[in-house]
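Notes to accompany the following structure.
Not measured: the values here are computed from a predicted model. Excluded from the calculations below are hydrogen atoms, water molecules and symmetry mates; all remaining heavy atoms, backbone and side chain alike, are included. Order of appearance sets the numbers: ligands from 1, and atoms from 1 within every ligand.
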Amino acid sequence: MSFKKSLKNEKAVIVIDMLEDFVYGALKNVRAKRIIPKIAGLVNHARKKGWIVVYANDAHLPGDPEEKVWGPHAMAGSKGAQVISELKPKKGDFVLGKRTYSGFYETGLDLLLRDNGVSELIITGQHTHICVRHTCADAFARNYKITVPEDGVESFSDSDHKNGLEYLKICYGANIVKTSSLIV
Ligand code: ZN
């Protein structure tokens with residue numbers, strides 16, 4: 001008897017904070033527009049391949065620590081906390097709410113990934129140097145292989161984005177690629 005799961009889901013695509021407030025609202029970022037079609041292509045490919053797609057979405061409550069730094073954004077249940085219409089989750093995708101930067105922090109993400117036999121994370125969304133970075137840190141500590149498509153993540157500025165990618169490579173051994181190389 002084996003407890004090993006099938007390896008069909010060995011990869012997962014994580015989509016971080018591609019929410020109304022993060023693209024069009026309270027923390028609007030015009031730079032995020034370039035990554036929308038890239039992420040759309042990637043999640044569609046993932047669904048076809050049987051990789052799981054997990055949305056890790058800010059869903060803040062009043063008084064959350066980040067409110068002091070960023071002001072209110074993506075409040076749980078609000079329009080600002082909804083995934084943008086271009087990237088709406090589909091049947092079979094997983095949607096987790098988070099109250100701080102990391103997609104792992106008190107969200108049940110690790111259990112979900114382990115339960116699905118996932119060993120490699122393809123991490124997308126915003127922002128390269130904040131939530132993507134914190135999620136990568138926790139993925140690294142849990143020994144997941146980390147892949148970050150540079151055209152599937154974005155920050156508020158070019159320097160934050162580029163320095164963010166460099167940090168992921170240096171500290172977490174993240175494999176920095178283009179989304180096109182993952183859609184094969
Ligand atoms: Zn937040």
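- Side chain of Asp115 to main chain of Leu111: no donor-acceptor pair is present (N/O by atom type, distance under 3.5 Å, no hydrogens or angles).
- Of the options Asp58, Thr107, Thr135, a side-chain hydrogen bond (donor to acceptor under 3.5 Å, both in side chains) to Lys98 is made by Asp58 and by none of the others.
- In summary, Asp58 places an N/O/S atom under 2.8 Å from the Zn ion (ligand 1), meeting the contact criterion.
- Judged by distance alone, the side chain of His73 and the main-chain N or O of Gly71 form a donor-acceptor pair under 3.5 Å.
- Among heteroatoms of the N, O or S kind in Glu66, OE1 lies nearest the Zn ion (ligand 1).
- Minimum interatomic distance between Pro149 and Ile122 (heavy atoms only, all atoms of both residues): CD-CG2, 4.0 Å.
- Inclusion of Cys131 in the first shell of the Zn ion (ligand 1) is not supported: no N, O or S atom falls under 2.8 Å.
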